[in-house]
Amino acid sequence: MDLKDQIDIDKLPKHIAIIMDGNGRWAKQHGRPRVFGHRNGVKAVRETTEAAAELGIEYLTLYAFSTENWNRPKFEVNALMTLLVETIRKEVETLNKNNIRLNAIGDIDKLPTKSRDALLEAIENTKTNTRMTLVLALNYSAKWEIIEAVKDIAHQVKTDNLAIDQINEDVFKSALSTRNIPDPEFLIRTSGETRISNFLLWQIAYSELYFTPVFWPDFRKNHFYQAILDFQNRERRFGMTSEQVN
Ligand code: FPP
C-alpha cells in the first residue's frame, strides 16, 4: 500500500511546522555553491505544500529565514531574499488555483523593501483562500516574538487596559504573531540536526518532534507522509497517564 493510503485522515495534525534545513550541505555534497541548495529547496517547498493541502492539513508553517540568518555572508543573504521574492511572485497563481492562503510571521518590517512588498502583495492576493494557510516564518525568531508579546502586554497594563492578574495563557497567546493560528501538533526538522533553533518556542510546548536525516532539497511527498505516519503512531498524553488518554 502507498504511504499516503496508510495515513488516517481523521487523525491528521491541524498544523505542521517545518524547519527546512540542509540546503548548504546538500549543495556541498553536489560540489556546488550554497545558493544552489536554496534554489533546489524551492522544489521541496512546492512538493510539501502540495502534499499538505492534498491531505487536508489546515496550517503549514515553514521556517524560511531566521533573525540569526542575517549573520550569513552578504551574498547568501541577498540570494535568499531574491529567491524569496521570485518564488512568492511566481507561486501566487498556483496558491490561488489551489485555494491556499499565504501568511507570514516574523519581523516583516525589517525585510528589504522588495521582499516585503512581494510578500504583502501575495498575502493580500490570497487572503480569501480557505483550503490551507501556508505560513512563512521570515525574519522570525521565537525569542523576538516573545519579547514583542511581553512589550504588548506591558503596554496594555500600563495603559490600564489589562490587570496583572488577568494575564494568563490566552492573553499571552493573543499577543503572539501566531494569535490566529492553532499551535502545531507536529514539528519536522530535516538534515539530521536535532535542535529547535529559536523556532516557535511557546507554540511547540506539546508538539511532537520529528527529525529526519534527509536534506531539505531532497525532501519529497513520501518523506512527508512517512513523518505523518510516525506522528499517528504516537500517544499524545499531555502530562496524563496512558490509561487516562485511552
Ligand atoms: C536551511 O538550510 C535553509 C534556509 C535557511 C533557507 C530556506 C529557504 C528555501 C528553501 C528557499 C525558499 C523558500 C521559500 C519559502 C520560498 P541551510 O542553509 O541552513 O543548510 P546547512 O545547514 O546545510 O548549511
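All ligand and atom numbering here is 1-based and tracks the order in the structure.
Taking atom 1 (C) of ligand 1 as the reference point, the nearest protein heavy-atom neighbour is M20 O, 3.1 Å. Scanning all protein heavy atoms for the shortest distance to atom 6 (C) of ligand 1 gives A64 O, 3.4 Å. Of the protein's non-hydrogen atoms, the one nearest atom 14 (C) of ligand 1 is L84 CD1, 4.0 Å. Looking only at protein heavy atoms, the nearest one to atom 15 (C) of ligand 1 is L136 CD2, 3.6 Å. Summary of contacts: the protein heavy atom closest to atom 9 (C) of ligand 1 is N23 ND2, 4.0 Å. The shortest contact between atom 19 (O) of ligand 1 and any protein heavy atom is with R72 NH2, 2.8 Å. Looking at atom 12 (C) of ligand 1, its nearest protein heavy atom turns out to be V42 CG2, 3.9 Å.
For D218 and W26, the side-chain atoms include at least one donor-acceptor pair closer than 3.5 Å. In the model, D107 has no side-chain atom that pairs as donor or acceptor with a side-chain atom of T67 under 3.5 Å.
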Distance-only check: which donor-acceptor pairs under 3.5 Å involve side-chain atoms of residues 144-152, not counting sequence neighbours?
{"residue": "E145", "atom": "OE1", "partner": "Y140", "partner atom": "OH", "Å": "2.6"}
{"residue": "E145", "atom": "OE1", "partner": "Q203", "partner atom": "NE2", "Å": "3.1"}
{"residue": "E145", "atom": "OE2", "partner": "S177", "partner atom": "N", "Å": "3.1"}
{"residue": "E145", "atom": "OE2", "partner": "S177", "partner atom": "OG", "Å": "2.5"}
{"residue": "E145", "atom": "OE2", "partner": "Q203", "partner atom": "NE2", "Å": "3.3"}
{"residue": "E148", "atom": "OE2", "partner": "K151", "partner atom": "NZ", "Å": "3.1"}
{"residue": "D152", "atom": "OD1", "partner": "Q156", "partner atom": "NE2", "Å": "3.2"}

Going through the checks in order, is the side chain to side chain donor-acceptor pair (under 3.5 Å) test met by H15 and T61?
-> CA-CA 8 Å; H15 182 182; T61 298; 2.7 Å; yes
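Atom NZ of K11 is separated from atom CG of N233 by 7.5 Å, given to the nearest 0.5 angstrom.
No part of K28 comes within 4.0 Å of ligand 1, judged by heavy-atom distances. When non-hydrogen atoms are compared, ligand 1 lies under 4.0 Å from the side chain of N69 (C-beta onward) but not from its backbone.
Distances below 4.0 Å separate heavy atoms of L83 from the following atoms of ligand 1: 11 (C). Of all atoms in ligand 1, listed by their number and element, those nearer than 4.0 Å to a heavy atom of W216 are 10 (C). Remark: ligand 1 atoms within the under-4.0 Å shell around heavy atoms of T87 are 16 (C). Each of the following atoms of ligand 1 lies closer than 4.0 Å to a heavy atom of D21: 1 (C), 2 (O), 17 (P), 19 (O), 20 (O), 21 (P), 22 (O). Set against the non-hydrogen atoms of R25, the atoms of ligand 1 under 4.0 Å away are 21 (P), 22 (O), 23 (O). Atom numbering of ligand 1 starts at 1 in the shown order; those under 4.0 Å from a heavy atom of G24 are 17 (P), 18 (O), 20 (O), 21 (P), 23 (O), 24 (O).
Residues L187 and I7 do not share a hydrophobic cluster, defined by chaining ILVMFWY side chains whose heavy atoms lie under 4.5 Å apart.
Relative to atom 13 (C) of ligand 1, the option among L119, V45, L62 with the closest non-hydrogen atom is V45.
In terms of N/O distances under 3.5 Å, ligand 1 is not approached by W26.
With respect to E185 and K14, no salt bridge is recorded, no charged nitrogen being found less than 4.0 Å from a carboxylate O. Between R39 and E86, at least one side-chain nitrogen of the basic residue sits less than 4.0 Å from a carboxylate oxygen of the acidic one, meeting the salt-bridge criterion. Using a 4.0 Å cut-off between a side-chain N of Lys or Arg and a carboxylate O of Asp or Glu, K173 and D170 do not qualify as a salt bridge.
Ligand 1 has R34 within reach: a non-hydrogen atom of the residue lies less than 4.0 Å from it.
Within the 3.5 Å criterion, the main-chain N or O of L80 finds no donor-acceptor partner in the side chain of H38.
Residues in residues 158-187 take part in these ring-ring contact (aromatic ring centres under 6.0 Å, His included) pairs, two or more places apart or across chains: F172-W202, F186-Y210, F186-F231.
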